[in-house]
Amino acid sequence: MRAIRRFTVRASLPEPLAGLRALATNLRWTWHPPTRDLFASMDDDLFRRVRDPLRMLTAVPPARLEELAGDEDFLTRVRAMSEDLERYLTEDRWYQQRPQGEQSPDAIAYFSMEFGVHEALPNYSGGLGVLAGDHLKAASDLGVPLIGVGPLYRSGYFRQSLSLDGWQVEHYPVIEPSALPLELLTGEDSEPVLVHVAMPRGRDLYAQVWQAQVGRVPLLLLDTDVEANDEDLRRVTDRLYGGDADHRIRQEILAGIGGMRAVRRYCELTGHPQPEVFHTNEGHAGFLGLERAREVIGEHGLAFDEALSAVRAGTVFTTHTPVPAGIDRFPVDLVQHYFGDGRLLPGLELPRILALGAEDNPGMFNMAHMGLRLAQRSNGVSQLHGRVSRRMFARLWPGFDDAEVPISSVTNGVHGPTWVARELTALLDGKHSDNSVWGRSGESGRLPSQMGVSDEELWALRRDLRQKLVLEVRRRVRNAWLQRGASALELGWVNQVFDPDVLTVGFARRVPTYKRLTLMLRDPERLRALLLDDERPMQIVVAGKSHPADEGGKALIQQVVRFTDDTAIRRRMVFLPDYDMSMARYLYRGCDVWLNNPTRPLEACGTSGMKSALNGGLNLSIKDGWWDECYDGSNGWAIPTADGITDPLRRDELESAALYDLLGQQVAPLFYERDSAGVPRGWMSMVWHTLDVLGPRVQASRMVREYVETAYHPAAVTSAAAATDGYAGARSLAEYRRRADAVWRQVRVLDTELTVEAQERLVVGDEVRVRAKVDLAGLAPSEVEVQTVVGRVGDTDELAEPMTVPMQPSQEGEYTATLRLPRAGSLGYTVRILPRHDLLATPAELGKVVLA
């Protein structure tokens, strides 16, 4: 028999243990070892199985709870942990300790389609969600007042197993939110709060709001499985990244518009400050900008363009997509279906909505384009990805060089206290605490090599972590074979899988084609020789899920599984199904080398290698994403790329050969070159260097500080300026844009002249004078910026490495500038005119430029 409905009954705690509930429901325990130790002391074996304090409270027998309620030592620890949590939640931290006078926002809303905080809250599929979870955790540690917002999926992402022939099999466990560390948001009447968004044909989509507490950060998750919805609408939040375009647009309408309404209601009920800045993590929740425009129009009577100026000022947009094919797009007629009747966003005209998502294909609505048009500040997630994004979206700012496209970069980071092995923290810091190895906010300044720890001690610890990984690999391999139909009697060989003294390589991530899961299989015999080498063997652990609809990705997994099924190979190479955060921690901590071989430059950032580096792992990677900017020649290895080769098969052949060469000729020899004490001194030198150099650099605390300083703070300043005096700033900018749009075609550079003091020849540093006559078509000199641009020139007269110098009005219709020649060689110059307004973040923002 099957249950028609499931529900959860929470444990009734004896009064002396009441403090355990707050400790179990605040997800700070996921990165706070003392809290986990407290729950483990209740029943260590049980905690090792469930790894979730809330489930512990349900599973511990009532007799044991009564026993603990009378244990004064245990109660003292409960009080100490409760006081520590309260102190963490209320004390001033980095954000509150910043210099006085800075206009920092009192609240920032952070929207993401998934959040990977811990496997106890399975609401993520991969890197985007784990990044979002790390963002919230680091914000909490720093005291940044974030509010997380996204959907809650009743089936989460799928669980993965393998068929007998190695094909990926998906199944979707049903999640009961009341069994998770979540609380329903309730109103003044103690009834669950419902937010709603209008659907076509007069229907409404309702969602209840579950709240998780991630340290200091509230995370609001919207759930449509409520009785008020029709059956098809109840399924809107059934699965993460499931369904067709119609299902996805419903999810994204809910995430953006419904998410905004949930934030507003949460702040009204709790007294939390309303957000001043809104951060969209990828384009999925981009409709939130339209909801904010509706609010401003409805409450303050602004016109659409005026509201747009106000919305843009306070919006930050992060793109994670390095290729056009990865952008979320919907057919225009589908957008018309949901927005056309005006019920969803009253006061917003459909043509204006469609224009925000316009792209080259008039039949498609582009969510990334809408995200960029609705945000004044946008960024990619690594320096290389920023450059790729500026080139990819350059046509939205015609007339500007790629480097001037207003998309910056904030390189992703990872939350050290979540991912660093506590044994390593104990060795380097000498204590267990909520601190990362690098200090409370990841910036103590102490280098691990200055902590009095020897090579022998760190090498022994690395071996211990490798041993833990070996035991976990064997456990998972056994379970995987049992799921594939093997008998326990057939699996004696599993006890020989992996060796704690063998060089261990890890490769674990999603399985889209560009990540090239099977590049290592390009020459099976060379790989076999590396794995089975008598003197310098290596072992490889592989994991990853393919999207359920990606048959090509599933075929790649099957190739790997079939290779690892070989009786000669299976003790040295394994594929572990059902990759999640729990497995990932073993891999990041136990692997000596982290392998990443995407097709450059298709990896936006990639953070798995960062987590390995924090644990003393060395990266072996294509110089893509974060590794492109962080590789220094001594913290790992860069796989050479066959740039310029257009045949993908030939490129794979060349780059796989380079990978085999590095593994066999550099990586393995360095690992096995030992001194008389059995320590690989050269290897350990690279490990220490990795910890020293990458440790602070890859922390999510660094990433969040950058967002505060380069995005959140400036956005708050601009947003306040736009909203002051009844949105006078936003009205002023909209009026300026209207007038500029009307006359910009008539703005011209009429004539330019460059004059030089009489000399025989020009040398670097000489001054030259540039004069330009311009026609501003009625715009005031204060409303434009006239610039001289000078740079190198080649055969095409295109300016390279340009340098801009502002020109000053000298008389009506004339501008001049004096500049020093910046470099030797063939130089050229031009003059251009750009818009100027106090509320523009960059001169390129409006996409307007007049060239001489």
**Request:** Kindly compute the distance separating CE (Met370) from CG (Leu356), expressed to the nearest 0.5 Å.
**Result:** 7.5 Å
Could you tell me whether a side-chain N or O of [X] sits under 3.5 Å from a main-chain N or O of [Y], the two making a donor and an acceptor?
{"X": "His369", "Y": "Ala358", "result": "yes"}
{"X": "Ser408", "Y": "Ser378", "result": "yes"}
{"X": "Arg343", "Y": "Met199", "result": "yes"}
{"X": "Gln160", "Y": "Asp578", "result": "yes"}
{"X": "Arg261", "Y": "Gly256", "result": "no"}
{"X": "Ser719", "Y": "Ala313", "result": "no"}
{"X": "Asp305", "Y": "Ala734", "result": "no"}
{"X": "Tyr124", "Y": "Gly133", "result": "no"}
{"X": "Asp230", "Y": "Asp232", "result": "no"}
{"X": "Arg154", "Y": "Thr237", "result": "no"}

Check whether the side chains of [X] and [Y] place a donor and an acceptor atom closer than 3.5 Å, and report yes or no.
{"X": "Ser732", "Y": "His837", "result": "yes"}
{"X": "Gln274", "Y": "Glu276", "result": "no"}
{"X": "Tyr707", "Y": "Asn379", "result": "yes"}
{"X": "Asp246", "Y": "Tyr338", "result": "yes"}
{"X": "Gln376", "Y": "Glu845", "result": "yes"}
{"X": "Thr315", "Y": "Arg292", "result": "yes"}
{"X": "Tyr241", "Y": "Gln251", "result": "no"}
{"X": "His279", "Y": "Thr318", "result": "yes"}
{"X": "Arg509", "Y": "Ser608", "result": "yes"}

**Message:** Among residues at least two apart in sequence or on other chains, which ones pass side chain to side chain contact (heavy atoms under 4.5 Å, CB included) with Ala132?
**Reply:** Tyr110, Ser112, Phe115, Asn281
**Request:** Please lay out, stage by stage, how Glu299 and Arg264 fare under the test salt bridge (Lys or Arg N to Asp or Glu O under 4.0 Å).
**Result:** CA-CA 14 Å; Glu299 294 172 14; Arg264 297 301 192 205; over 6 Å; no
**Prompt:** What salt bridge (Lys or Arg N to Asp or Glu O under 4.0 Å) pairs are there with at least one residue in residues 366-388, not counting sequence neighbours?
**Reply:** Arg387-Asp628
Carboxylate-amine/guanidinium contact [X] [Y], below 4.0 Å:
{"X": "Glu227", "Y": "Arg234", "value": "no"}
{"X": "Asp328", "Y": "Arg248", "value": "yes"}
{"X": "Glu268", "Y": "Arg265", "value": "yes"}
{"X": "Arg235", "Y": "Asp225", "value": "no"}
{"X": "Glu306", "Y": "Arg731", "value": "yes"}

**Message:** Can you confirm if the aromatic rings of Phe287 and Phe339 lie within a centre distance of less than 6.0 Å?
**Reply:** yes
**Prompt:** Mind checking whether Tyr514 and Pro322 have side chains closer than 4.5 Å, heavy atoms only?
**Reply:** no
**Prompt:** Checking side-chain hydrogen bond (donor to acceptor under 3.5 Å, both in side chains) against Glu170, which of Arg159, Lys545, Lys554, His547 comes through?
**Reply:** Lys554
**Message:** Can you see whether Tyr172 has Arg239 sitting over its ring - NZ or CZ less than 6.0 Å from the centre and within 45° of the normal?
**Reply:** yes
